Amino acid sequence: MADTPSNDYILQTHDVVKRYKAVLALNRVSINIRRATIHGLLGENGAGKSTLVRLISGQTAPSEGRIVFDGEDVQGSDVKQMEARGVFLVTQEPMIVDSMSVADNLMLGRWPLKRGITRRVDQRALMGSVEAVLNGTGFDPRMPARLLSAVAKRKLNILRALHSGGKLLILDEPTTALTLADREHLFDFMRTLKAGGVSFVFISHYNEEILEICDGVSVLRNGRLAGEHDDRSEINSDGLSELVIGRDVPLFYRKRRDTVAIGPEGWRVEGLAAPGVEVDEFRIAPGEIVGFAGLPGSGAKEFALALFGSNRATRGRITHDGKTGAPAGHPGEAFQRGIAYLSDDRHRDGLVGLQSIAHNITLSSLGHVSKGGVIDSNAERGVVARYFEHFRVKAPSAEVLLGTLSGGNQQKVCLGRVLATSPKLLILDEPTRGIDVGVKEEVHRIIDTLTREGLSVIVITSDLDEMVRLVDRVSVFVCGRIEREYTGADIAKDAILQAAFNAEPASVESAGSEPQMSQS
Ligand SMILES: Nc1ncnc2c1ncn2[C@@H]1O[C@H](COP(=O)(O)OP(=O)(O)OP(=O)(O)O)[C@@H](O)[C@H]1O
């Protein structure tokens with residue numbers, strides 16, 4: 001790979017180092033990104049991907065090393081200066097103001113103003129200036145942004161960067177929470193922009209995505225460059241996993257349980273009605289894993305929220321352990337009954353960035369590690385060590401502040417926290433989102449082991465590979481009801497997708513959104 005500035009490359013880093021006190025986040029990393037290509041950036045959680053793109057986009061300065069953009073040495077440039085050169089970091093959360101129009105959002109903060117003391121936005125000039133960028137993209141400049149789908153908002157974010165002169169766009173896990181079809185729309189859009197000369201850095205934990213969209217790839221491991229290719233034909237999925245982890249990653253396949261009687265310790269839900277869902281009957285046996293699948297708004301997530309008491313059921317009965325009662329009225333009640341819920345949004349789960357990892361792990365299970373209101377430090381340390389080590393949380397110790405962890409490592413802490421409550425029914429909403437390939441398999445193994453101890457698990461996941469490999473049964477939700485169930489060899493990606501799509505083609509079209517299942 002070239003080490004001297006070359007016109008072939010839009011961006012090169014030369015031996016960049018980034019230290020955060022004792023943490024060496026990047027250790028002499030040199031990468032080379034060709035012009036007008038989509039370049040994948042991979043690595044396990046905490047490998048240094050976000051740190052590297054923060055350096056490239058000027059958010060933070062390298063401790064050592066050089067960065068060359070478009071043939072010029074650019075270290076020392078801040079975000080504004082890098083944007084002026086054409087480098088934009090496009091985050092997962094689109095910075096779109098819902099109350100404004102598409103055109104207003106595209107020009108956010110740079111609106112042409114009318115002359116005079118009122119300094120109102122010159123709408124005619126605004127429309128004129130956004131026309132060329134929106135031409136052929138399908139966007140109506142006057143449409144209120146709140147009506148846009150998730151993928152449309154991400155595209156608009158990208159267009160805004162382009163409109164501001166973007167030459168190199170860095171997309172940090174842009175497919176997170178996108179549906180399968182939305183992901184394809186985004187990829188087509190990127191390919192079109194690439195053909196027009198735009199270059200991309202594309203961060204993802206999914207080998208399939210990298211192989212589908214990228215022309216080249218750099219893989220980081222433990223802050224170092226583990227490998228780089230700029231020839232697509234040199235890359236395959238096994239090779240990528242091996243570069244990411246440093247070894248071959250055997251995929252986990254659960255040995256599926258045949259349908260079993262639920263017994264008194266199982267859970268039986270009857271006649272439940274809650275916002276967006278009505279379920280006549282649902283059962284889950286001890287040790288069983290059931291996957292919930294469906295379009296957004298199909299009732300899958302709504303049912304899970306009703307079981308956990310986050311959404312209030314208006315009627316229904318739940319029987320467990322020989323007792324029958326109404327569904328939990330609030331999450332605290334659900335917790336007491338042994339139901340735990342991992343939400344797909346770790347911020348909503350109440351992770352506290354300014355507290356230690358240890359504190360965050362035990363926060364929901366203080367009752368388990370205290371006696372008579374006093375925390376038993378040994379018990380607490382045991383719980384923390386179990387999940388800190390199990391999930392290989394990348395940090396110098398469990399006393400480190402959670403806020404300094406990489407995104408994927410924060411997700412591991414979230415998972416540790418719900419498992420530490422020793423639930424009997426565990427509801428996992430996107431449990432491995434943002435988690436790297438190695439830990440993902442580890443998470444699957446841990447869930448599998450817990451089910452052997454009698455834990456019942458409901459999994460909502462947009463990763464259909466995960467669904468197929470992990471669950472004993474799949475319930476497909478349509479229009480707020482359980483439409484189909486699959487067991488054993490009938491559990492297949494195509495069947496699940498079809499069941500979710502076919503039953504509701506009209507609403508799929510009109511909503512502009514497809515099944516909750518995005519990754520292939
Ligand atoms: N502000 C900070 N203070 C201390 N350590 C930090 C800080 N920012 C990042 N780190 C550490 O630097 C390392 C690299 O983190 P980074 O966020 O770049 O990883 P990543 O590859 O993006 O991971 P993920 O896939 O989980 O998002 C991690 O060990 C992280 O804890």
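Residue numbers run from 1 in the order of the sequence given. All of these numbers come straight from a predicted model, not from anything done at the bench.
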Report summary line: When every non-hydrogen atom of Ala304 is compared with those of Phe292, the smallest separation belongs to N-CE2, 4.5 Å

Report task. Looking only at non-hydrogen atoms, find the nearest pair between Lys493 and Asp465 and report the distance. Result -> NZ-OD1, 3.3 Å

**Report entry** Met82, Glu83, Glu72 screened by side chain to side chain contact (heavy atoms under 4.5 Å, CB included) with Ser77, the one that passes
**Finding:** Met82

**Report entry** Sidechain-backbone polar pair: Glu399 side chain, Ala358 backbone, donor-acceptor under 3.5 Å
**Finding:** no

Query raised in the report: Do you know which two heavy atoms are closest between Val476 and Ala499, and how far apart they sit?
Result: CG1-CB, 4.0 Å

**Report entry** Expected output: side-chain Thr432 to main-chain Ile435 donor-acceptor under 3.5 Å
**Finding:** no

Query - Considering all heavy atoms, the nearest Ser204-Tyr206 contact - result: OG-N, 2.9 Å

Query raised in the report: Side chains of Ile67 and Asp73: does their closest heavy-atom pair fall under 4.5 Å?
Result: no

Query raised in the report: side chain to side chain donor-acceptor pair (under 3.5 Å) with Asp231: which residues, sequence neighbours excluded?
Result: Ser233

Query raised in the report: Which value, rounded to the nearest 0.5 Å, describes the distance between Leu225 atom CG and Asn27 atom CG?
Result: 11.0 Å

**Report entry** Interatomic distance, Asp15 atom CG to Glu64 atom CD [nearest 0.5 angstrom]
**Finding:** 9.0 Å

Requested in this report: Could you walk me through whether Phe69 and Ile10 pass the side chain to side chain contact (heavy atoms under 4.5 Å, CB included) test, one step at a time?
Outcome: CA-CA 6 Å; Phe69 176 72; Ile10 185 80; 3.5 Å; yes

Report summary line: Rounding to 0.5 Å, atoms CZ (Phe391) and CG (Asn45) come to a distance of 12.0 Å

Query raised in the report: Can you find a heavy atom in the side chain of Leu419 that is under 4.5 Å from one in the side chain of Leu426?
Result: yes

Query raised in the report: Do Asp215 and Arg34 pass the salt bridge (Lys or Arg N to Asp or Glu O under 4.0 Å) test, and can you show the C-alpha distance, the side-chain angles, and the key distance before you say yes or no?
Result: CA-CA 9 Å; Asp215 306 292; Arg34 287 189 183 278; over 6 Å; no

Query - Side chains of Asp463 and Lys440 in contact at under 4.5 Å (non-hydrogen atoms) - result: yes

Report task. Using atom types as modelled and distance alone, determine if a side-chain donor or acceptor of Thr13 lies under 3.5 Å from a backbone N or O of Val29. Result -> yes

Report summary line: Smallest heavy-atom separation, Ala293 atom then Ser298 atom, equals O-OG, 4.5 Å

Report task. State whether a side-chain donor-acceptor pair under 3.5 Å links Thr60 with Lys18. Result -> yes

Query raised in the report: Do side-chain atoms of Asn222 reach the backbone of Arg224 as a donor and acceptor pair under 3.5 angstrom?
Result: no

Report task. Taking atom CZ of Arg469 as the centre, report whether more than 12 heavy atoms of other residues, nucleotides or ligands fall under 6.0 Å from it. Result -> yes

Query raised in the report: Got a sec, which residues hit side chain to side chain donor-acceptor pair (under 3.5 Å) with Arg221, two or more places apart in sequence or on another chain?
Result: none

Query raised in the report: Would a distance-only check, ignoring hydrogens and angles, find a side-chain to backbone donor-acceptor pair under 3.5 Å from Arg160 to Asn105?
Result: yes

Query raised in the report: So, do Leu106 and Phe139 sit near enough that their side-chain heavy atoms are less than 4.5 Å apart?
Result: no

Query raised in the report: Looking only at heavy atoms, which two atoms of Gly43 and Val244 are closest? And how far apart?
Result: C-CG1, 3.9 Å

Query - For Ser199, all residues meeting side chain to side chain donor-acceptor pair (under 3.5 Å), sequence neighbours excluded - result: none

Requested in this report: Give the C-alpha distance, both sets of side-chain angles, the deciding distance and a yes or no for side chain to side chain contact (heavy atoms under 4.5 Å, CB included) between Val74 and Arg85.
Outcome: CA-CA 9 Å; Val74 293; Arg85 291 177 187 274; 3.4 Å; yes

Requested in this report: Under the side chain to side chain contact (heavy atoms under 4.5 Å, CB included) rule, what do Met467 and Val459 come out as? Steps first, then yes or no, please.
Outcome: CA-CA 8 Å; Met467 178 84 88; Val459 181; 5.6 Å; no

Query raised in the report: What do the steps show when you test Leu55 against Leu26 for side chain to side chain contact (heavy atoms under 4.5 Å, CB included), and what is the final call?
Result: CA-CA 10 Å; Leu55 296 186; Leu26 291 175; 3.6 Å; yes

Query raised in the report: Under 3.5 Å, is there a donor-acceptor pair linking the side chains of Glu302 and Asn311?
Result: no

Query raised in the report: Going by an N to O cut-off under 4.0 Å, is there a salt bridge joining Lys394 and Glu44?
Result: no

Requested in this report: Could you tell me whether the side chain of Glu228 and the main chain of Ile31 form a donor-acceptor pair under 3.5 Å?
Outcome: no

Query raised in the report: About how many Å separate CG of Leu251 and CD of Glu466, when rounded to the nearest 0.5 Å?
Result: 11.5 Å

Report task. Measure the spacing between CD1 of Ile203 and CG of Leu220 and express it to the nearest 0.5 Å. Result -> 9.0 Å

Query raised in the report: Can you tell me if Ser406 uses its side chain to pair, donor with acceptor, with the backbone of Gly46 under 3.5 Å?
Result: yes

Query raised in the report: Under a 4.5 Å cut-off applied to non-hydrogen side-chain atoms, are Ile213 and Arg191 in contact?
Result: yes

Query raised in the report: So, the side chain of Arg232 versus the backbone of Leu211: is there a donor-acceptor pair under 3.5 Å, distance only?
Result: yes

Requested in this report: Would you indicate whether the side-chain heavy atoms of Leu168 and Phe88 approach each other to under 4.5 Å?
Outcome: no

Report task. Verify the distance criterion only: is there a donor paired with an acceptor across the side chains of Asn157 and Arg154 at less than 3.5 Å? Result -> no

Report summary line: Rounded to the nearest 0.5 angstrom, the NE2-CG distance for His205 and Asp436 is 6.0 Å

Query - Stepwise salt bridge (Lys or Arg N to Asp or Glu O under 4.0 Å) test for Lys301 and Glu430 - result: CA-CA 11 Å; Lys301 190 177 183 117; Glu430 301 291 348; over 6 Å; no

Query raised in the report: Do Ser237 and Glu208 meet the criterion of a side-chain donor-acceptor pair at a distance under 3.5 Å?
Result: no

**Report entry** Minimum side-chain heavy-atom gap His229-Leu243 below 4.5 Å
**Finding:** yes

Report task. For the pair Phe252 and His444, name the ring-plane relationship: parallel under 30°, tilted 30 to 60°, perpendicular over 60°. Result -> tilted

Query raised in the report: With side chains defined as the heavy atoms from C-beta onward, is the minimum distance between Tyr20 and Thr51 less than 4.5 Å?
Result: yes

